[in-house]
Amino acid sequence: MRIANRIGAFLLAVALAVLVLMIVAIRSDQATDDRLDIEAARIADTADTARNALSALKDAETGQRGFLITGKESYLAPYYDGLRAFDENAARLRRLTADDPELSAALSRVLALADLKRGEMAFGIEGLRSKGREAAAGQVSEDAGKIYMDEIRTRVDRILSAEEVARARNAAASARLKAYSRAKTLLGAAALFTLTLLGAVFLSIEIRYERRLAASLEASERKYRELAESLEQQVEARTRELKRLNAELGAFSYSVSHDLRAPLRSIDGFSQIFLEDYGASLDENGRQLMERIRLAAARMGGLIHSLLDLARVTRQDLKRVRVSISEIAASALRGLAAATPERRVRTIVAPAMEADADPQLIRIVLDNLISNAWKFTSKTPDAVIEVGRMFREGKIVFFVRDNGAGFDPALASRLFTPFQRLHPESEFEGTGIGLATVQRIIERHGGAVWAESRPGGGATFSFALS
Amino acid sequence: MTAPSLLLVEDNPDDIALAQRAVARGGVQANLVVARSGKEAWDMLNASARLQQQPKAVFLDLNMPEWSGFDLLERVRAGGPIATVPMIVLTTSNEPADVERSYKLGANSFITKPLDFKEFADVFAIMSAYWAGINETI
């Protein structure tokens with residue numbers, strides 16, 4: 001891109017320079033030629049006119065002499081024609097030499113001589129007419145007219161030769177001018193050539209530099225691409241590994257769900273059938289032993305169920321929609337009340353509580369927190385469970401509060417660790433996985449969960465979603 | 001008149017025994033016929049269709065060798081004389097993905113086997129009685 005731009009700009013500059021130089025050279029040559037042509041024409045014209053004037057004066061002289069010799073008036077016609085032609089040419093010469101003072105002065109002197117010659121010729125004609133042929137002939141033999149005429153011819157020749165010199169000078173000047181013009185053109189061409197050469201050199205340097213720059217750029221790009229590719233490959237490999245691990249976890253969960261629960265169901269089912277079929281022939285102790293087997297199986301079933309929940313909240317996709325916290329809480333409390341109709345618990349659920357959350361997962365959260373509250377108030381007379389909402393640091397915080405057994409605040413951080421129990425199993429049954437599941441769900445929502453309590457003073461579990 | 005038949009597709013002998021016990025315990029008036037794989041169930045269903053003695057309903061497990069429950073569901077619902085037989089998935093799984101896939105393939109119901117035998121027996125007896133009797137009321 002950069003190279004192409006520079007080449008383009010350079011070629012344009014060269015083209016413009018060529019155009020300008022050509023125009024200048026042509027115009028200058030033309031002007032020079034025109035000027036030289038005009039000058040040459042003027043010199044030639046001057047010389048011709050001078051010759052014509054001389055020739056006209058000779059014609060007039062010839063006529064006059066013919067008249068003087070013959071005395072016939074008819075010879076005077078060429079005399080008058082010659083004089084007229086001389087006057088015309090003289091006038092023309094004056095105009096042609098007006099710009100040249102030297103030539104003009106020389107011409108004036110010739111014309112003065114011509115006036116003398118004309119006076120001599122007129123005198124001869126008058127003499128013939130008034131005194132007769134002999135007197136006039138004597139005049140001719142005196143040769144005054146020839147002296148004038150020779151002088152005129154000499155002067156005109158001198159002028160003409162001067163003009164020849166001028167013409168030669170002019171030709172030399174013209175040659176010089178043309179040589180100068182050619183030199184100018186040559187110089188222009190040379191300048192153009194040098195410019196082009198410089199441009200080519202500059203361009204080649206530029207291109208070489210650009211190439212080197214491009215090569216180094218390409219090299220660094222290649223390096224980064226390779227780096228990025230290797231990074232990408234690493235990320236891909238890790239992602240593949242994670243996906244594989246996740247799939248394995250899924251398969252493991254499924255196998256735990258199916259393969260561990262099936263024998264449990266058998267243990268429970270056959271012990272129940274055993275009790276139904278042979279219970280009558282067992283004593284009380286035998287029946288109690290069977291019941292303990294069944295209870296253990298049920299507890300293990302609960303554990304498996306909780307573990308599956310915990311695994312599921314980790315890998316299940318989050319689908320956040322508007323959910324009614326109030327309704328889910330009320331439904332959980334209704335379920336617990338139906339399952340343990342002997343319990344008398346006062347429940348308070350704040351109305352119209354809503355949140356953007358995964359409906360399935362937020363139900364697991366509320367089920368866990370509310371069933372915990374239900375469980376830990378089992379030994380509290382006048383048990384109260386409250387599900388409500390408050391604002392803290394600009395955030396909506398939901399809470400489940402009870403007036404049950406509570407826990408030691410120093411141990412609060414251990415609450416959310418899997419299989420951590422703060423109460424002995426004999427006192428309050430449970431798997432120790434519920435709160436870990438709650439925390440994982442809230443964290444997947446980008447929120448936080450925490451608990452506050454003191455022993456015997458009830459507990460408050462709060463959570464905020466992002 | 002013979003009692004209506006129900007087809008149980010199940011590979012776990014314990015579960016077969018528990019299901020049989022549940023039917024007997026609940027006093028359901030139906031013959032519980034057992035197929036031990038999806039393929040066997042497919043053959044039995046086609047044979048019963050030829051004899052015009054189709055079961056009133058099929059209870060099928062999902063995780064089985066030689067055709068899973070999904071495979072059987074897909075083939076039965078693909079067309080033919082047995083395409084409309086009621087199919088009830090009876091499984092250990094409670095995975096949402098399994099529930100969704102079962103219904104999409106044309107299951108009439110999805111039951112997660114309860115761990116507690118009393119619960120399982122109650123549910124199975126109720127479902128059996130319902131599907132065994134439903135066609136007679138139509």
Side-chain angles (χ1 to χ4, degrees), chain A residues 246-247 249-279 290-291 293-319 339 358-361 363-364 431, chain B residues 8-28 32 34 36-38 59-65 67-70 89-103 110-125 127-128:
Chain A
N246 227 0
L249 183 67
F252 173 74
S253 301
Y254 191 86
S255 119
V256 164
S257 154
H258 195 272
D259 300 340
L260 291 189
R261 266 148 58 110
L264 266 185
R265 218 170 36 247
S266 297
I267 294 169
D268 184 73
F270 292 123
S271 53
Q272 178 63 34
I273 292 166
F274 181 82
L275 273 176
E276 282 172 11
D277 289 358
Y278 304 100
M290 284 309 291
E291 282 301 333
I293 292 172
R294 295 194 61 235
L295 275 174
R299 211 160 45 235
M300 186 167 171
L303 256 170
I304 291 170
H305 183 83
S306 305
L307 272 175
L308 278 176
D309 268 356
L310 183 62
R312 193 180 299 152
V313 302
T314 307
R315 61 195 167 93
Q316 192 172 309
D317 286 339
L318 214 61
K319 289 173 198 149
D358 185 295
Q360 263 187 333
L361 297 183
R363 186 177 291 274
I364 294 175
T431 60
Chain B
L8 176 68
V9 191
E10 174 66 73
D11 65 313
N12 182 344
D14 283 2
D15 278 349
I16 294 169
L18 292 175
Q20 282 166 339
R21 173 77 180 203
V23 170
R25 197 171 174 264
V28 181
L32 191 66
V34 178
R36 284 164 195 280
S37 77
F59 290 92
L60 70 155
D61 192 11
L62 286 180
N63 194 6
M64 289 181 294
W67 297 16
S68 71
F70 296 125
V89 173
L90 187 66
T91 176
T92 313
S93 166
N94 61 351
E95 291 286 309
D98 286 345
V99 179
E100 195 182 326
R101 193 172 163 202
S102 297
Y103 280 119
F110 187 103
I111 303 167
T112 299
K113 293 172 190 168
L115 266 182
D116 185 285
F117 174 70
K118 281 182 197 165
E119 259 182 68
F120 170 74
D122 285 349
V123 168
F124 191 66
M127 294 297 282
S128 298

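Throughout, a chain's letter reflects where its sequence line sits, starting with A, and its residues are numbered from 1.
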State, to 0.1 Å, how close A:Ser266 and B:Leu18 come at their nearest heavy-atom pair, and which atoms those are.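 Between these two residues, the closest heavy atoms are CA-CD1, 4.2 Å.
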If you measure from CZ on B:Arg25 to CD on A:Gln272, what distance do you get to the nearest 0.5 Å?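 Taking CZ in B:Arg25 and CD in A:Gln272, the distance rounds to 6.0 Å.
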List in chain and number order the residues that pass side-chain contact (heavy atoms from CB on, under 4.5 Å) with B:Leu115, two or more places apart in sequence or in another chain; answer none if no residue qualifies.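 For B:Leu115 the side-chain contact (heavy atoms from CB on, under 4.5 Å) partners, ignoring immediate neighbours, are A:Arg261, A:Leu264, A:Arg265.
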What part of B:Pro96 lies closer than 4.5 angstrom to a heavy atom of chain A: side chain, backbone, both or neither?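 The answer is the side chain of B:Pro96.
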Toward chain A, the part of B:Ala17 with a non-hydrogen atom under 4.5 Å: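 The answer is the side chain of B:Ala17.
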Answer yes or no: are there more than 12 heavy-atom neighbours, outside B:Tyr103 itself, under 6.0 Å from its atom OH?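 Yes, because the 6.0 Å sphere around OH of B:Tyr103 holds more than 12 heavy atoms from other groups.
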Output yes when B:Asp116 and A:Arg294 qualify as a salt bridge under the 4.0 Å nitrogen-oxygen rule, no when they do not.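 A:Arg294 and B:Asp116: salt-bridged.
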